[in-house]
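Comments concern the structure below.
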Amino acid sequence: MANYWLVKSEPSVYSIDDLQRDGRTHWDGVRNYQARNIMRDKMKKGDLVLFYHSNANPPGVVGMAKVVRTGYPDHTARDPQSNYYDPKSTEEDPRWYMVDIEFVEKFPRLVSLPEIKDHPQLQEMVLVRRSRLSVQPVRPHEFETIVSLARKS
DNA sequence: GCCAACGTTGGC
DNA sequence: GCCAACGTTGGC
């Protein structure tokens, strides 16, 4: 049974169009323990991921991706040149993890945060309840609701 | 650019 | 282990 997730990215840093162009990417740079635990322990190959644009106008869900590699050490934590460098990360104890995701689709329509907040079926979403987590679980009915909103013209 | 929410750090 | 200070996220 596949799980569902939502990942956030600022489109000025890495957008759904970047993912479409690249086809596949490492989801690096996550420096929050709860998000790390999800990537290290919970995300499985084939899990579907909603791709969310934060700090955007308007913010919202813009597409879908798929997990193609389970958690492994985030090498950017050990690269002093990287913005995501963390001197406390070592080879024995990498501290930070990432997964690889693959582009699935860009939705024909953005499902905006206000729309999500107004939708009766989506009130319990982590996105609504606790806005700051950048990798978060999504319930199956929430996933389906958002995808159907995204395909509705 | 402001600022609320909330996560992390570090002194004690 | 508490908690104040500080840093970051992300909506607006």
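What's counted below: heavy atoms across the whole structure, side chains too, no hydrogens, waters or symmetry copies.
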### Task
Verify the distance criterion only: is there a donor paired with an acceptor across the side chains of A/Gln34 and A/Arg130 at less than 3.5 Å?
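Checked: A/Gln34/A/Arg130 side chains pair up, N/O donor to acceptor below 3.5 Å.
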### Query
side-chain contact (heavy atoms from CB on, under 4.5 Å) with A/Ser82: which residues, sequence neighbours excluded?
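Scan of A/Ser82 (side-chain contact (heavy atoms from CB on, under 4.5 Å), adjacent residues dropped) gives A/Thr76, A/Asp79, A/Tyr84.
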### Message
Return whichever of A/Arg129 or A/Arg95 has its heavy-atom-nearest nucleotide of DNA chain B closer to the 5' end.
### Response
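Whichever sits nearer the 5' end wins; that is A/Arg129.
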### Query
Reckon A/Arg130 touches a base, only the sugar-phosphate, or nothing at all at heavy-atom distances under 4.0 Å?
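Here A/Arg130 touches the backbone only, sparing every base.
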### Message
Could you check whether A/Trp5 and A/Phe51 have their ring centres less than 6.0 Å apart?
### Response
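For A/Phe51 and A/Trp5, the ring centres are not under 6.0 Å apart.
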### Task
Indicate yes or no: at least one non-hydrogen side-chain atom of A/His53 is less than 4.5 angstrom from one of A/Leu110.
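No; the side chains remain at least 4.5 Å from each other.
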### Task
For A/Arg24 and A/Asp100, work out which heavy atoms get closest and say how close.
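Shortest heavy-atom contact: NH2-OD2, 3.2 Å.
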#### Entry: Contact state string [nucleotides 3-12 of chain C, B base, S sugar-phosphate only, - no protein heavy atom under 4.0 Å]
----BBBBBS
